[in-house]
Amino acid sequence: MARLDDARFAIQEGIAQWFARQGHPELADLADVDVPTETGHGDLTTSVCLRAAKPMRTAPQALAQPLAEFLRQSIPMLASVEAAGPGFLNFTLQTPWLAQVVNDIRVQGPQYGHNDAGQGQRVLIEFVSANPTGPLVIVSGRAAAVGDAMARIMNVSGYHADREFYVNNAGNQIGKLGHAIFLRIQELQGHIIEEWPEGVYPGEYVIEVARQYLKQHPAFVAEQPTPDTLWMLGQYGAEVLRSEQEQVLKTFGVTFEHWTFEKDLRDQQAPEHIVQRLEDLGVVQEAEGAKWFMSTRFGDDKDRVLVKSDGTYTYFVPDAAYHAQKFERGYDWVIDLLGPDHHGYIGRMRALVTALGYAPDHFDVMIIQLVRLVRDGELVRMSKRGGQFVALADLIEEVGVDAARFFFLERAPNTPMDFDLGLAELKSNDNPVFYIQYAAARIHSVLRQWRESVHAELIWEPALLSQPLERRLLFVLARYPDIVRRAALDRAPQYLPKYLTELAQAFHSFYRQHRILDEAPAVTMARVALCEATLSVLSLGLGLLGISVPEHM
RNA sequence: GUCCCCGUAGCUCAGUGGAUAGAGCGCGGGACUUCUAAUCCCGGCGUCGCAGGUUCGAAUCCUGCCGGGGACACCA
């Protein structure tokens with residue numbers, strides 16, 4: 001149990017007791033106890049008097065005074081309880097009690113911040129899932145950073161989260177890729193390609209794939225582009241490109257527990273099965289020569305075609321089969337990270353989940369908005385279609401994994417972002433990643449000198465951490481478990497970068513104001529303990545983001 | 001036309017129905033013979049797009065409107 005929660009529960013308990021004594025036990029539910037948004041309103045605050053005044057037919061202030069008095073006397077870890085403003089109660093924690101958070105952090109070690117928000121539920125997070133027809137682009141990096149961080153955050157929040165990459169290696173685009181490879185091979189074998197057919201990838205990277213194929217199959221001669229040949233080349237290219245994507249993601253610190261291939265699902269006749277299953281449920285009808293899923297019955301805008309009049313499936317069918325399979329695999333939560341162009345897809349997929357009898361509110365879609373690259377205030381153009389684009393691999397090479405991940409995670413996933421290349425490259429105070437890492441490096445440096453020095457081993461004394469800047473740092477450290485839990489429940493990884501910036505700031509202020517090593521031994525001991533705790537939380541938090549913790553900078 | 005997301009400080013953005021709406025950047029000033037100055041300290045009057053509504057209380061919830069972006073295929 002986290003320290004701040006202990007205080008929160010003690011206060012809620014006290015409030016419940018007091019309301020019970022007033023003959024209103026039901027009002028205890030109104031007791032919110034939160035960290036105030038503004039400093040100067042205590043460590044924790046409640047608006048319960050404002051909420052309870054009406055049902056009790058009295059003024060908030062009339063409740064605040066006696067309740068404050070009661071809580072002051074009944075809750076030991078409180079230093080003060082103040083009635084303030086229109087009827088808020090502001091609580092200040094006893095500093096030595098708060099200082100014990102340093103021990104909590106030491107004792108819990110890597111478990112600090114773990115919480116049970118997920119109650120053991122299994123979660124499948126599907127993300128990136130880029131078509132295997134080219135290198136990963138920038139927005140895939142954003143999805144990778146967000147999906148991976150969400151998995152890490154949920155895994156310390158009582159969920160069992162798995163990461164999954166879905167490979168669309170069975171659709172038309174594979175044929176087009178095959179065609180592009182075929183044409184490139186022809187080029188390499190001396191043909192001149194007059195013009196590129198519509199829809200065939202002209203990207204330069206295809207030349208490399210073609211070259212590689214020829215190296216492995218020197219006898220191949222590109223003459224007739226038969227469907228079989230194009231399909232075979234497409235499969236070959238898809239696997240080469242998918243494998244390159246996997247490597248780039250690995251460099252980026254992102255690995256997947258599962259890779260699911262559309263082709264495997266097709267081979268297992270999953271599309272046939274899902275159509276059959278929907279037919280058995282009586283939610284399919286034929287019209288205009290096609291088979292339709294009556295998704296409007298389940299809240300969708302319009303019904304969706306499953307089987308076209310030419311007898312082939314729409315892309316929705318394999319996707320539907322895939323999502324059904326996710327739930328069948330025993331996941332309690334299915335989370336998809338999708339691009340903004342897919343939001344129309346949410347309604348039909350949720351309708352499907354509902355039709356199949358799974359819990360639609362356990363199907364979450366996080367929309368990952370577009371990323372625009374900016375340098376010196378100007379847009380850096382990227383366009384996959386034109387064959388020129390900025391690849392994720394280039395971005396990583398240019399700004400490094402840590403800066404890239406931090407910038408992607410800093411903002412709410414579902415708002416469009418400008419990625420400032422100039423700022424990310426900067427190894428200076430303006431770069432927020434270095435600001436946080438610098439705090440860790442400073443602590444490492446201090447602790448190194450501490451270990452190398454001659455000193456007595458004392459038990460550190462919490463009462464010695466009483467300076468305002470020490471207290472501020474203690475309080476930020478105590479908030480960490482809350483931040484992690486909220487990030488997990490709200491699916492909001494951006495809470496962590498913000499928190500870590502605050503933590504680094506609290507540390508830098510403290511460090512600038514106070515000496516650590518050349519104080520009286522007992523003071524040094526307490527501050528060393530505080531530094532260790534800070535380093536520990538910085539490391540845990542950066543770890544959840546997949547960002548390194550340097551010992552030197 | 002229908003639906004979704006977004007409009008908050010010069011810029012980039014936080015903001016969980018609560019108090020005087022906050023950070024970073026930029027700009028100006030100051031601080032190192034001291035454990036890493038990649039740091040710290042000081043400086044913030046903004047129609048929270050507009051108008052209604054709900055509420056003791058709204059940037060936050062509801063309705064309408066304005067502006068920006070996106071989605072609305074028997075394409076994937």
Side-chain angles (χ1 to χ4, degrees), chain A residues 32 34-41 45-47 50-51 53-54 59-60 84-88 90 131 133 168 170-174 176 199 262 287-292 301-302 304-316 318-319 339-347 367 369-370 374 377 410-412 414-418 420 423 426-439 441-450 453 469 482 486 489-490 492 494-495 497-498 501-502 504-505 507-519 524 527-528 531 552-553:
Chain A
D32 58 323
D34 291 310
V35 174
T37 45
E38 257 180 280
T39 54
H41 294 156
T45 187
T46 182
S47 62
L50 293 158
R51 295 160 191 268
K54 198 174 186 183
F88 293 98
N90 297 334
N131 284 340
T133 51
N168 289 102
N172 287 343
Q173 70 279 10
I174 299 303
K176 289 179 189 165
E262 181 181 356
E288 303 161 50
K291 284 189 182 179
W292 299 69
D301 302 348
K302 55 177 80 167
R304 305 292 169 176
V305 172
L306 297 172
V307 184
K308 300 184 235 176
S309 48
D310 66 3
T312 60
Y313 293 129
T314 60
Y315 78 95
F316 177 64
D319 272 2
D341 53 331
H342 281 79
H343 100 257
Y345 156 111
I346 301 169
I367 296 292
Q369 282 287 354
L370 297 175
V374 175
E410 193 182 25
R411 299 212 180 83
N414 112 58
T415 59
M417 70 173 284
D418 288 343
D420 188 332
L423 183 59
L426 222 53
K427 297 205 180 343
S428 80
N429 42 347
D430 296 339
N431 189 328
V433 194
F434 287 91
Y435 182 82
I436 297 167
Q437 291 182 320
Y438 184 52
R442 275 180 147 177
I443 298 174
H444 267 123
S445 172
V446 170
L447 294 179
R448 264 194 306 276
Q449 290 170 63
W450 164 249
S453 70
L469 292 177
D482 259 10
R486 279 190 46 215
L489 288 172
D490 294 355
Q494 71 273 20
Y495 294 166
K498 192 164 147 37
T501 304
E502 203 178 312
Q505 188 164 49
F507 175 76
H508 285 310
S509 293
F510 156 76
Y511 180 89
R512 206 58 194 142
Q513 179 77 28
H514 299 292
R515 304 288 305 169
I516 296 161
L517 295 183
D518 40 14
E519 291 284 349
T524 289
R527 289 185 179 162
V528 165
C531 284
H552 303 272
M553 285 178 77

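Values reported hereafter were calculated over all heavy atoms of this structure, with side chains retained and with hydrogens, waters and symmetry mates removed. Lettering of chains follows the sequences in order, A, B, ..., and the numbering in each one begins at 1.
Side-chain N or O atoms of A/T524 include one that pairs as donor or acceptor with a backbone N or O of A/L517 at under 3.5 Å.
Only the P atoms considered, B/C50 is 15 Å distant from B/C66, to the nearest whole Å. Taking atom P on both nucleotides, B/A58 is separated from B/G68 by 30 Å, rounded to a whole Å. Rounded to a whole angstrom, the distance from the P atom of B/G29 to that of B/U34 is 24 Å. Rounded to whole Å, the P atom of B/U16 lies 34 Å from the corresponding atom of B/A73.
To the nearest angstrom, C1' of B/C5 lies 9 Å from CD1 of A/I367. The nearest whole Å value for the distance from the NE2 atom in A/H514 to the P atom in B/C32 is 18 Å. Atom CG in A/D32 sits roughly 17 Å away from atom P in B/G57 (whole-Å rounding). Distance CG (A/N168) to P (B/C75): 16 Å, rounded to an integer number of Å. One atom, CZ of A/R304, and another, C1' of B/C75, lie 13 Å apart when rounded to the nearest Å. Distance A/E410 CD to B/G15 P: 12 Å, rounded to the nearest Å. Atom CZ of A/R486 is separated from atom C1' of B/U16 by 5 Å (rounded to the nearest Å). In this structure, CD of A/E502 is placed 20 Å from P of B/C13, rounded to the nearest angstrom.
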| request: Step by step, work out the side-chain hydrogen bond (donor to acceptor under 3.5 Å, both in side chains) result for A/D34 and A/T45. | output: CA-CA 5 Å; A/D34 291 310; A/T45 187; over 6 Å; no
| Audit row: A/F507, A/Y511, ring-ring contact (aromatic ring centres under 6.0 Å, His included) steps and yes/no | CA-CA 6 Å; A/F507 175 76; A/Y511 180 89; 5.6 Å; yes
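Not one side-chain nitrogen or oxygen of A/Q173 sits closer than 4.0 Å to the OP1 or OP2 atom of B/C75. For the OP1/OP2 pair of B/U36 and a distance below 4.0 Å, the side-chain nitrogens and oxygens of A/S445 include at least one atom meeting the criterion. Residue A/T415 places at least one side-chain N or O closer than 4.0 Å to OP1 or OP2 of B/A14. The phosphate of B/A76 (OP1 or OP2) has a side-chain N or O of A/K308 nearer than 4.0 angstrom. Between A/Q449 and the phosphate of B/U36, there is a side-chain N or O to OP1/OP2 separation shorter than 4.0 Å. In terms of phosphate contacts, A/Y511 brings no side-chain nitrogen or oxygen within less than 4.0 Å of OP1 or OP2 of B/U34. Remark: A/S509 is in phosphate contact with B/C41, judged by side-chain N or O atoms under 4.0 Å from OP1 or OP2.
Considering all non-hydrogen atoms of both residues, A/A287 and A/W292 come closest at O-NE1, 3.1 Å. The shortest heavy-atom contact between A/R411 and A/M417 is NH1-CE, 3.4 Å. Minimum heavy-atom separation, A/N414 to A/Q369: O-CG, 3.0 Å.
When distances run from any side-chain atom of A/H41 to the nucleotides B/C35, B/A19, B/C5, the shortest one goes to B/A19. The side chain of A/K302 sits closest to B/C72 out of B/A38, B/G18, B/C72. Listed candidates were B/G18, B/C72, B/C74. Nearest to the side chain of A/T314 is B/C74. Distances were taken from every side-chain heavy atom of A/N172 (C-beta onward) to each of B/C74, B/C40, B/A76; the shortest belongs to B/A76. Of the candidates B/A76, B/A37, B/A23, B/A76 carries the atom nearest the A/N131 side chain, counting heavy atoms from C-beta on. The A/R51 side chain lies nearest to B/G17 when the options are B/C40, B/G17, B/A19.
The strand RNA chain B forms stems, runs of 3 or more Watson-Crick or G-U wobble pairs with distances below 3.5 Å, at B:1-7 with B:66-72, B:10-13 with B:22-25, B:27-31 with B:39-43, B:49-53 with B:61-65.
Residues forming a side-chain contact (heavy atoms from CB on, under 4.5 Å) with A/K498 (at least two apart in sequence, or on another chain): none.
When the nearest nucleotides of RNA chain B are assigned to A/D518 and A/M417 by heavy-atom distance, the more 5′-ward of the two goes with A/M417. Residues A/R515 and A/R512 both approach RNA chain B. Their nearest nucleotides, taken by heavy-atom distance, put A/R515 toward the 5′ side.
Side-chain polar atoms of A/Q449 and A/S445 form a donor-acceptor pair below 3.5 angstrom.
A donor-acceptor contact under 3.5 Å links the side chain of A/S309 to the base of B/C74. Scanning atom types as modelled, one donor and one acceptor separated by under 3.5 angstrom connect the side chain of A/T45 and the base of B/A19. Side chain A/D301 to base B/A71: no donor-acceptor pair is found below 3.5 Å. Remark: the A/Y438 side chain and the B/A38 base include no donor-acceptor N/O pair separated by less than 3.5 Å.
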Dump the pairs, protein N or O against N or O of nucleotides 8-12 of chain B, anything under 3.5 Å, distances to one decimal.
unit_1, atom_1, unit_2, atom_2, d
B/U12, O2', A/R411, NH2, 2.9

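A cation-pi contact links A/R486 to A/Y495, judged by a cut-off of 6.0 Å to the six-membered ring centre and 45° from its axis.
By the stacking rule of 5.5 Å between ring centres and under 30° between planes, A/F88 stacks on the base of B/A19.
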